[in-house]
Amino acid sequence: MDGRAQQPQDFATAFEAAFARLQVVLEMACAGEGSWVERATVGVRQALEFAAAEPEAASVLTSGALAQGADGVGRYERLMNYLAGLLEAGRAESPHGAELPPTTERSVAGGVAAIVGSRVDRGKEAELDVLLPEVIQFVLTPYLGTSEAKRIASAAADWPRSQPER
């Protein structure tokens, strides 16, 4: 995280602005037509594109938040709860959705956040495009099983970018 978001108030403002932009991206993906799997796949793609296009925002939302003490952790927890809420609908499309552990969605959201945070903190946000199939498979596997998640992830890798360059 750069010096512009070091002060607590600056961090709060940066986090809230980044979170609002990410929410718009994800709400638009989730409002689209199609099954939960299709919307989730588009949401993952658009979230990774957001992080690649706005690495500072992605850093503030992930590792930057965790480095800010209690306030940052609280904001990060709100982000994780939001993302987990978007994933919960996947339980209805899963033949074993009721059997999934209650922590599934939080674990998946946290895993994706860790992947994104790790890449952007090392200046490797361009790698996020390459990781798209892996991240889609990771997100879908608890709900669809490994084979189906891998099939969908492989097909999604061939999709064109879903957002214009920023």
Side-chain angles (χ1 to χ4, degrees), residues 15-55 57-68 70-121 125 127-157 159 162-163:
F15 183 94
E16 294 306 325
F19 189 22
R21 290 192 310 276
L22 178 61
Q23 284 177 304
V24 168
V25 166
L26 293 176
E27 292 297 325
M28 290 178 69
C30 292
E33 303 222 357
S35 68
W36 174 84
V37 170
E38 293 165 329
R39 293 187 318 271
T41 301
V42 169
V44 168
R45 174 181 287 280
Q46 291 184 356
L48 293 181
E49 289 175 5
F50 170 84
E54 298 193 42
S59 181
V60 166
L61 291 170
T62 57
S63 57
L66 295 173
Q68 289 293 315
D71 178 55
V73 170
R75 290 174 196 278
Y76 180 84
E77 290 296 317
R78 189 163 48 93
L79 171 64
M80 291 301 104
N81 289 335
Y82 169 75
L83 297 173
L86 295 176
L87 293 170
E88 283 177 355
R91 289 175 179 264
E93 293 206 16
S94 172
H96 53 274
E99 300 166 15
L100 292 172
T103 58
T104 298
E105 289 77 17
R106 285 284 313 240
S107 298
V108 170
V112 173
I115 291 167
V116 168
S118 172
R119 293 308 188 281
V120 298
D121 289 348
E125 56 274 356
E127 292 179 2
L128 292 171
D129 258 2
V130 176
L131 294 175
L132 177 66
E134 183 179 328
V135 175
I136 289 173
Q137 182 179 346
F138 176 72
V139 169
L140 297 180
T141 295
Y143 307 98
L144 306 178
T146 303
S147 296
E148 183 65 3
K150 187 173 187 173
R151 184 190 69 74
I152 291 168
S154 294
W159 294 356
S162 57
Q163 293 181 5

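The first residue of the sequence shown is numbered 1, and numbering continues consecutively from there.
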A.B. asks: Can you name the side-chain contact (heavy atoms from CB on, under 4.5 Å) partners of T146, sequence neighbours left out?
C.D. replies: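 Q137, T141.
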A.B. asks: Please list all pairs meeting salt bridge (Lys or Arg N to Asp or Glu O under 4.0 Å) that have one or both residues in residues 81-98, counting only residues at least two apart or in different chains.
C.D. replies: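 For residues 81-98, and leaving out neighbouring residues, the salt bridge (Lys or Arg N to Asp or Glu O under 4.0 Å) pairs sorted by first residue read R91-E105.
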A.B. asks: Do you know the tightest heavy-atom contact between I136 and A156?
C.D. replies: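 So the minimum-distance heavy-atom pair works out to CD1-CB, 3.5 Å.
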A.B. asks: Within a strict 4.5 Å, meaning less than it, do heavy atoms of the M80 and R106 side chains meet?
C.D. replies: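 Yes - at least one pair of side-chain heavy atoms lies under 4.5 Å apart.
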A.B. asks: Side chains of I115 and V135: closer than 4.5 Å at any heavy-atom pair?
C.D. replies: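 A side-chain contact under 4.5 Å exists here.
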A.B. asks: On a heavy-atom basis, which atom in P55 and which in A52 lie closest, and how many Å separate them?
C.D. replies: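 That closest heavy-atom pairing would be CD-O, 3.6 Å.
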A.B. asks: Should L87 and W36 be marked as a side chain to side chain contact (heavy atoms under 4.5 Å, CB included) after you check the CA-CA gap, both sets of side-chain angles, and the distance that decides it?
C.D. replies: CA-CA 9 Å; L87 293 170; W36 174 84; 4.1 Å; yes
A.B. asks: Is there a side-chain contact between R119 and L131 (heavy atoms, below 4.5 Å)?
C.D. replies: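 Yes. Closest side-chain heavy atoms under 4.5 Å.
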A.B. asks: Can you confirm whether V44 sits close enough to L132 that some side-chain heavy atom of one is under 4.5 Å from a side-chain heavy atom of the other?
C.D. replies: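 Contact flag for V44/L132 side chains = yes.
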A.B. asks: From L86 CG over to N81 CG, what is the distance, rounded to the nearest 0.5 angstrom?
C.D. replies: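 Interatomic distance, L86 CG to N81 CG, rounded to 0.5 Å: 11.0 Å.
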A.B. asks: Quick check for you: to the nearest 0.5 Å, what is the distance between E125 atom CD and S59 atom OG?
C.D. replies: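 So the CD of E125 and the OG of S59 are separated by 10.0 Å.
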A.B. asks: What closest approach, in Å, do V120 and A51 show between heavy atoms, and which atom pair accounts for it?
C.D. replies: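 Closest heavy-atom pair between V120 and A51: CG1-O, 4.0 Å.
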A.B. asks: Could you go through the side chain to side chain contact (heavy atoms under 4.5 Å, CB included) check for S94 and L144 one step at a time?
C.D. replies: CA-CA 6 Å; S94 172; L144 306 178; 5.8 Å; no
A.B. asks: Looking at every non-hydrogen atom in both residues, tell me the closest pair between V130 and P133 and how far apart they are.
C.D. replies: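 Here V130 and P133 meet closest at O-CD, 3.4 Å.
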A.B. asks: Between G43 and A29, what is the shortest heavy-atom contact and its length?
C.D. replies: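 Smallest interatomic distance, heavy atoms only, reads CA-CB, 3.6 Å.
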A.B. asks: Using salt bridge (Lys or Arg N to Asp or Glu O under 4.0 Å) as the criterion, list what pairs up with R39, not counting sequence neighbours.
C.D. replies: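 None.
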A.B. asks: Can you list the steps and then say if D129 with L48 is a side chain to side chain contact (heavy atoms under 4.5 Å, CB included)?
C.D. replies: CA-CA 7 Å; D129 258 2; L48 293 181; 5.7 Å; no
A.B. asks: Supply the atom-to-atom distance Q68 CD to Y76 OH, rounded to the nearest 0.5 angstrom.
C.D. replies: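 If we round to the nearest 0.5 Å, Q68:CD and Y76:OH are 14.5 Å apart.
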A.B. asks: Please report the interatomic distance CG(L83) to CG(L26), rounded to the nearest 0.5 Å.
C.D. replies: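 So the gap between those two atoms works out to 6.5 Å.
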A.B. asks: Can you see which heavy atom on A109 is nearest to which on A84, and at what distance?
C.D. replies: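 A109 and A84 have their closest heavy atoms at CB-N, 4.3 Å.
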A.B. asks: Could you list the residues that satisfy side-chain contact (heavy atoms from CB on, under 4.5 Å) with F19, not counting sequence neighbours?
C.D. replies: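 Testing F19 for side-chain contact (heavy atoms from CB on, under 4.5 Å), a comparison that skips the adjacent residues, returns F15, E16, Q23, L61, R78, L79, Y82.
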A.B. asks: Taking only residues two or more places apart in sequence, or in another chain, which ones meet E134 in a salt bridge (Lys or Arg N to Asp or Glu O under 4.0 Å)?
C.D. replies: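 Partners of E134 by the salt bridge (Lys or Arg N to Asp or Glu O under 4.0 Å) criterion come out as none, since no residue qualifies.
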A.B. asks: Working to the nearest 0.5 angstrom, can you tell me the gap between R75 CZ and L66 CG?
C.D. replies: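 Rounded to the nearest 0.5 Å, the CZ-CG separation comes to 13.0 Å.
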A.B. asks: Working to the nearest 0.5 angstrom, can you tell me the gap between I152 CD1 and S147 OG?
C.D. replies: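 Those atoms lie 11.0 Å apart.
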A.B. asks: According to side-chain contact (heavy atoms from CB on, under 4.5 Å), who are the partners of T103, at least two apart in sequence or on a separate chain?
C.D. replies: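 Applying side-chain contact (heavy atoms from CB on, under 4.5 Å) to T103 gives P101, S107.
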